[in-house]
Amino acid sequence: METLKHTLNTLVTASLGAITADASANANVITASKPEFGDYQANGVMAAAKQLRTNPRALAERVVAHLLLQAPEMFAKVEVAGPGFINIHLQDSLLTKRGAALLQAPELLLPKATHPQAIVVDYSSPNLAKEMHVGHLRGTIIGDCLARVLTSSGHTVIRQNHVGDWGTQFGMLISYMQEVGSTHGEVAAKLADLEEFYRAAKTRFDDDPAFAERARNSVVKLQSGDPEMLQVWAHFIDESLRHCEAVYRKLKITLRREDLKPESFYNNVLESIVKLLNERGMLSISDGARCVFLPQFIGKEGEPLPVIIQKSDGAYLYATTDLAAAQYRAHSLHAERSLYVVDARQSLHFQQVFAVARAAGLVTDAISLEHIAYGTMMGADGKPFKTRSGDTIKLVELLEEAVRRAYALVSEKNPQLSEQEKQEIADVVGIAAVKYADLSKNRTSDYIFDWSSMLSFEGNTAPYLLYAYARIKSIVRKQELNEATGTITAVDSPTERALLLKALQFAESVEAVASDCFPNALCLYLYELSGSFMRFYEACPILKAEPSVRSSRLALAQLTAITLQQGLDLLGIQTLEQM
RNA sequence: GCGCCCGUAGCUCAGCUGGAUAGAGUAAUCGGCUUCGAACCGAUUGGUCGGGAGUUCGAAUCUCUCCGGGCGCGCCA
């Protein structure tokens, strides 16, 4: 179903166009900034009046008159306000009709994009040399949410988990694996704690020159395709992936093995990338390294800034791999959008990669390459977590802590629940709290990792939304079994009407997330929806209302519940029947 | 030095394709459960939107400048 905002914008824009004879005029309809301004407001008349050098209020009056002739049944009141705003008050019957239609066919809650696209979402992408830590949380959660949202909008989403499985550090790890055990079981036991394994290998590497030599040798052998090295390496990668998948399962992340497109996947095309750049005359040798210099990137003292494609020792770098990946996504996956959900600190890198890819013709204008940047995970001291400090908090441990805290809270609030129920609720609530804490913040700002704020269950948090949902479900359970499912027929109370209007606006926020990739907009919407329900709940009796009112209110509560459930699902958060 | 990001209530943050009197949460104070789940709801207090200038009917939002902070900038990813 087309959104109210879109319907209204089309209508008012048409009226504006008819009056001004300007086809480019846009009514710019938005949700009203205050309830007294109505349900929606059109701001575009003032800009149009300015262009025509005419009185904005007079123009607005004419637009309103035209609009009321076009669709009189939609509006309760349309009036001109202030310097030329048009305030739109919708007819209750329009709202109830739409609400009833959505209840009838909940799949209409999420309208499909008019132009479905093939969209690559590159996210999570941990380095397999180490265990996932809190630094991987944001990209994994945000990327998964975007993948879900885009899928729900009817796009073909191709997830790409660009894991780091190649490079010098794997030589060290392989050599250490060969040292610690000869049997599969011994090695697996050692790999149970990847972090510890990495530290131990690193220590060996730093302390023993002979070991370091073997490690360097291992890299060379591995890269030249030595079968034994490849086997050990594959074993390590497989173990490391198991760690990731355990985290994904806990977090309800939709990434699967088939979404893996590791760095090593591109190994055999890197040479051809370099060759192509060379043929295009884009390569130059600088200090022995093969580089691309683009005029728009200026370095420290005004000299050109290189993108290093191949090191002086012949090894490739991540820019090369990213170029290969861009080409693969454009030509093999036929993607029209490629989203890179990656830390904001890599923005220069992506600017360069995108620019080189386009300049070299590795991708055409048919694909939009977008760096979906997110802020750095900061410690309580305001400093970023250091990936190699050894002090990072493991993601699994963080999640276990969240669930523990949720369990304590559930036990306190609802001690009468069975042990199993408490545990199941704690699992959902703990994970939901962690994800929501992240998703509800603007992704571009830095994120301060703080146990108390992340695991607080008060205010604008996932538990608040889950609680609203559980409350509705509790009411629904209480209705008589033989009672026919009613539908929304009236919204006579202000909180009742506000709730219905809010529920009808779900798709508007989902559309915004699909185009701008800011999941916090959806969080804000769901929070407001829950708030609207809570106020409705306080003000309007449902089960105790007269039969006709009761049936309509029950239906409204139902609509709220399915909207909440769907919205939370898009965030990757499960709902609970009770909590 | 060059580039990118950020500075909004005591704290954590929304709002930024310019729109009406800048909003939430939290903390503080007060009120609301013999009535559908109080993990809730309501009220009050809390602001030179870092400073200044400009663009215009209108600026937290756009431009410039200054101050403060973060990040990035040749062979890690």
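Below, chain A is the first sequence line, B the second, and so on; all start at residue 1.
- Between A:Asp438 and A:Arg443, none of the side-chain N atoms (NZ, or NE/NH1/NH2) sits under 4.0 Å from a carboxylate O, so this pair counts as no salt bridge.
- Pairing for B:U61 is absent, with no Watson-Crick or G-U wobble pair whose two atom distances lie under 3.5 Å.
- Seen from the ring of A:Phe533, A:Arg471 does not count as a face-on cation partner, given the 6.0 Å and 45° thresholds.
- Judged by closest nucleotide on RNA chain B, A:Gln351 is the one of A:Val429 and A:Gln351 placed further toward the 5' end.
- B:U17 and B:G72 have their P atoms separated by 28 Å, with the value rounded to a whole Å.
- Between A:Tyr316 and the choices A:Ile308, A:Thr321, A:Val274, the side-chain contact (heavy atoms from CB on, under 4.5 Å) rule is met once, by A:Val274.
- Searching all strands for a Watson-Crick or G-U wobble partner of B:G25 with both distances below 3.5 Å returns B:C11.
- If A:Glu577 and A:Gly288 are placed on RNA chain B by their nearest nucleotide, the residue sitting closer to the 5' end is A:Glu577.
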Cut-off 3.5 Å, no hydrogens considered: what does the side-chain donor-acceptor table look like for residues 36-52 of chain A, sequence neighbours left out?
from    : atom 1 : to       : atom 2 : distance (Å)
A:Asp39 : OD1    : A:Arg497 : NH1    : 3.0
A:Asp39 : OD2    : A:Leu90  : N      : 2.7
A:Asp39 : OD2    : A:Arg497 : NH2    : 3.0
A:Tyr40 : OH     : A:Gln505 : NE2    : 3.0
A:Tyr40 : OH     : A:Glu508 : OE1    : 3.4
A:Tyr40 : OH     : A:Glu508 : OE2    : 2.7
A:Gln41 : OE1    : A:Ser33  : N      : 3.1
A:Gln41 : OE1    : A:Ser33  : OG     : 3.4
A:Gln41 : NE2    : A:Asn43  : OD1    : 3.0

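- Sorted by first and then second residue, the pairs that involve residues 524-536 of chain A and meet salt bridge (Lys or Arg N to Asp or Glu O under 4.0 Å), not counting sequence neighbours, are A:Lys502-A:Glu528.
- Checked against ring pair (Phe, Tyr, Trp, His ring centres under 6.0 Å), A:Tyr436 has no partners two or more places apart in sequence or in another chain.
- Candidate nucleotides B:C36, B:C41, B:C71 were compared by shortest atom distance to the side chain of A:Arg535, and B:C41 ranks first.
- Within the 4.0 Å cut-off from OP1 or OP2 of B:A38, not a single side-chain nitrogen or oxygen of A:Lys413 is found.
- Of the residues in residues 462-473 of chain A, those with a non-hydrogen atom less than 4.0 angstrom from any atom of RNA chain B are A:Tyr464, A:Tyr467, A:Ala470, A:Arg471.
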Practice problem: Assign a letter to each nucleotide of nucleotides 6-22 of chain B from its 5' end: B, base within under 4.0 Å of a protein heavy atom; S, sugar-phosphate only; -, no contact. | Solution: --------SS---BBS-
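- Considering only the side chain of A:Gln346, B:A77 comes nearest among B:G37, B:G74, B:A77.
- Across all strands shown, A:Ala289 has heavy atoms under 4.0 Å from base atoms, whether or not it also approaches the sugar-phosphate.
- Using N1 to N3 plus N6-O4 or O6-N4 for Watson-Crick, or N1-O2 and O6-N3 for G-U wobble, each under 3.5 Å, B:G18 pairs with nothing.
- Within 4.0 Å of A:Glu412, counting heavy atoms only, lies no atom of the nucleic acid at all.
- Aromatic rings of A:Phe354 and A:Tyr340 (six-membered ring for Trp) have centroids within the 6.0 Å cut-off, being under it.
- No option in A:Tyr318, A:Phe265, A:Trp233 other than A:Trp233 meets the ring pair (Phe, Tyr, Trp, His ring centres under 6.0 Å) test with A:Trp166.
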Quiz item: How does protein contact run along nucleotides 24-32 of chain B, one letter per nucleotide 5' to 3', with B for base contact, S for sugar-phosphate only, - for none, heavy atoms under 4.0 Å?
Solution: SSSS-----
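- A:Cys523 comes within 4.0 angstrom of no nucleic acid atom, judged by non-hydrogen atoms across all strands.
- Residue-level contact check: A:Ile542 touches the bases, meaning some heavy atom is under 4.0 Å from a base atom.
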